[in-house]
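Below is one structure; the comments refer to it alone.
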Amino acid sequence: MSDNAKQGVTRREFAASAMAGAALVAGAGPASAQAGNTPAKPGKAAIEPTRLVSAGETLRPEIVGQFGIVAAGRHYAVAAGTRILLAGGNATDAGVAAVFAAAVTEISHFGFGGEAPTIIYDGKTKKVSLISGQGVAPGLATPDKFADAGVIPGNGPNGGTVPAMVDAMALALQLNGTMGLHDVMQPAIELADGFVMYNFLAEVFVSQQKATSKYKDAYDAYYPGGQLPKTGEIFRQPNLARTMRIIADADAAAFKKTKDRKAAIQAGRDAFYKGDIARRIGAAMERDGGLMRYEDLARYKGKVEAPAMTSVFGYQVCKAGFWSQGPAMLMALNIAEAAGIATMEPGSAPYLHTVAEAIKLAFDDRNMYFGDPDFATVPMKGLLSKDYAAQRAKQIGPRASLEHRFGNPWAFEGRARTTPQFTPHMLKAPPKPTADTTAIEVVDKDGNLFSCTPSSGWMLGGAYIAGDTGVPMSNRLTVFDLDPESPNVLVPGKRPRTTLSPSMVLKDGQPYLAIGTPGGDNQDQQIMNVLLRVLAFNQPLQAAIEAPRINSNHFHGSFGIKKDEPGVLEIEDRVPQVVRDDLTARGHKLDVLGPFAVSTGIVATGVVPGSGTLRGGADVRRERYIFGW
């Protein structure tokens, strides 16, 4: 049995139930269309009289409207966002409410002590803003603390960065919201008081009971009395509900006193980071041998930044900065555009070969050059240079590369290199399981867009909850490198090069699309799969989301031992056999998956150019949810 099998389910296994459901839906269509039909004439398929078949039919419909659309991981988060829109909130208010609800109900993938990088488009100012939403390393966290193990753990009291989600959501509300924390947290508080357990999460609880038993506070919170939560039962998190009420009540009390919405939000935020909650988190960490202290929370402050951006196919694509993997997608899009991807047939062997090779080149550069710019010198200008992309595109040959080909963006930076040469490599410690993420996208009638990718505080490998706060802590510290020459080396107060990657697209400076997905290292690859079809070929959004996907495992991963699989390309079996044979002949090592089996779950919302109406789509791969009108 593999180490992963011993310690928990893999990312792909996590998505198995969603994939099976999608396959059943796909398989049920023809049978249901024939049920009850008059026998067909020889040579003709039977057609059910009330069944109309659309040329662009998808497994689930593209959602359209003119008031607002919320897309997220689970129906609870979508319901929370919808409730806020109905109460008069805008896209940011609704998005923040959905994030808090997800922190309560999607704890397989994301918990209250995690992180939430966010991109917002303000319909009034026409400005795109990035809220970092990624916590930093605790003050005591230094490479020597993990030297003996050779790897930073992904679970337990030393698995996480400082919780950033609450700060990020407070910043979002202050920047572009209309409501206070007390308003937008109410749906989540009610869910913490009790929500009906759904099957997917119940199965995760079964798989992670042993792993979570290592951490008493988490085990008591998630398995009260040692009992497994069951599908259809009410699942309660009273400690988390109490923590959330402290935050919401601080906001409400401050607003009642000052009538200053932004100041009240700050008071609610500070109740988490500077009050008794933070003291109890710090005390629990110290008791359990962790490196985080009260002072780490008290001095934490997230940032509002300008996004990284590139223009491709006549659109402007916005991502988080070089402290995330987001710019790697911008680079891959630049390379694909320079390689002539727009002249190729989507889904053909030349097209998929070009996409895969562009991803390899960009993500190898991610591993060599990316790191928190507050601590590392990153050739950001060179990496996003169109001339650099054109040079890299020339490296795409007729055959798949099986080597790591790192570029030299410093030649396009306009200044001399001042950093040591770091070569990414795999570690020798035993592999550990990694978990996942969710994504929340919202658009409203005024053109406000909200894109957030919340993560950490997950259950896979064993959830760690800090004391009696009910707060499951982050798992992101493991993304750091221990190599001192890496731009992503662990340093106190530094952000790890997170995989979390919200995305936003503009058309001529106007709002077009907010899009995101879970999937760790897969996130930007999967978003790129969809964006190429939408931006370069003008395909319908839902059809682009459902189209067959590829995913490269070639480059070194972000978590644990930084595993690489040179030349390995995951590919869904809906890609025709003739195309797969062609890709194999080109040297790609195909890992053929089921029909909707790439581990991803795209959700997207946006504005239709010209009409100004709204649209949205949600993946069939992971039980994603969407609603709008």
Side-chain angles (χ1 to χ4, degrees), residues 63 65 67-106 110 112 114-124 127-133 164-181 183-188 191 265 269 302 304 307 318 320 437-455 500-505 511 513-518 602-607 614 616 618 624-628:
I63 298 296
F67 187 83
I69 299 175
V70 182
R74 293 285 155 184
H75 63 291
Y76 288 121
V78 171
T82 301
R83 176 171 158 182
I84 295 301
L85 286 177
L86 285 168
N90 67 10
T92 295
D93 298 317
V96 172
V99 171
F100 278 120
V104 175
T105 60
E106 297 182 40
F110 163 56
F112 203 81
E115 48 266 345
T118 303
I119 304 178
I120 291 172
Y121 178 87
D122 188 317
K124 290 182 179 179
K127 182 179 180 180
V128 180
S129 298
L130 169 70
I131 298 169
S132 63
M165 183 273 289
V166 174
D167 174 84
M169 294 303 97
L171 283 172
L173 286 179
Q174 290 172 325
L175 181 68
N176 184 240
T178 67
M179 295 181 169
L181 282 167
D183 303 301
V184 300
M185 292 182 73
Q186 191 57 38
L191 290 164
I265 291 169
R269 179 251 182 230
V304 179
C318 306
T437 301
T438 188
I440 292 162
E441 320 298 319
V442 188
V443 63
D444 67 25
K445 59 182 174 56
D446 297 316
N448 295 294
L449 287 176
F450 178 94
S451 179
C452 181
T453 310
S455 188
L500 305 178
S501 204
S503 307
M504 195 160 288
V505 183
L513 197 66
I515 183 170
T517 182
I602 294 278
V603 283
T605 61
V607 180
L614 312 179
R624 304 294 90 178
Y625 284 82
I626 183 168
F627 183 73

Can you tell me if Ser451 uses its side chain to pair, donor with acceptor, with the backbone of Ser503 under 3.5 Å?
yes

Looking only at heavy atoms, what is the nearest atom pair of Leu85 and Ala94, with distance?
CG-CB, 3.7 Å

Give me the atom names and distance for the closest heavy-atom approach of Thr453 to Thr517.
CG2-O, 3.9 Å

Atom CE of Met504 and atom OH of Tyr121: how far apart are they, to the nearest 0.5 Å?
10.0 Å

Can you give me the closest heavy-atom contact between Thr92 and Ala172, atom names plus distance?
CG2-O, 3.4 Å

Please give me the minimum heavy-atom distance between Ala439 and Glu441, naming the atom from each residue.
CB-OE2, 3.8 Å

State which residues pass side-chain contact (heavy atoms from CB on, under 4.5 Å) with Gln174; sequence neighbours excluded, sorted by chain then number.
Leu171, Lys262, Ile265, Gln266

In short, Gly89 meets Met179 closest at the heavy-atom pair N-CE, 3.5 Å

When rounded to the nearest 0.5 Å, the distance separating CE of Met185 from CD1 of Ile84 is 11.5 Å

Check the pair Ser129, Asn176 against side-chain contact (heavy atoms from CB on, under 4.5 Å), reporting the backbone distance first and the verdict last.
CA-CA 10 Å; Ser129 298; Asn176 184 240; over 6 Å; no

So does Gly447 get a backbone contact from the side chain of Asp444, meaning a donor-acceptor N/O pair under 3.5 Å?
yes

So, does Thr118 use its side chain to make a donor-acceptor pair with the main chain of Ala116 at under 3.5 Å?
yes

Any side-chain heavy-atom pair from Leu614 and Thr605 closer than 4.5 angstrom?
no

Using 0.5 Å steps for rounding, measure from the OG1 atom of Thr82 to the CD1 atom of Ile626.
10.0 Å

When rounded to the nearest 0.5 angstrom, what is the spacing between OG in Ser132 and CG in Asp167?
7.0 Å

Is any side-chain heavy atom of Val184 closer than 4.5 Å to one of Arg83?
no

Thr178 versus Asn90, side-chain donor and acceptor atoms under 3.5 Å:
no

Which heavy-atom pair separates Gly133 from Ala164 by the least distance, and what is that distance?
O-CB, 3.4 Å

Going by the rule side-chain contact (heavy atoms from CB on, under 4.5 Å), which residues pair with Ala103 if we only count those two or more places apart in sequence or in a different chain?
Phe110, Phe112, Met165

Partner of Val443 under side-chain contact (heavy atoms from CB on, under 4.5 Å), chosen from Asn448, Ile69, Leu513
Ile69

Kindly write out the residues that satisfy side-chain contact (heavy atoms from CB on, under 4.5 Å) with Thr105, not counting sequence neighbours, or none if the list is empty.
Tyr76, Leu191, Phe195

Quick check for you: to the nearest 0.5 Å, what is the distance between Ile119 atom CD1 and Leu130 atom CG?
5.5 Å

Interatomic distance, CD1@Ile440 vs CZ@Phe450, rounded to 0.5 Å, equals 6.5 Å

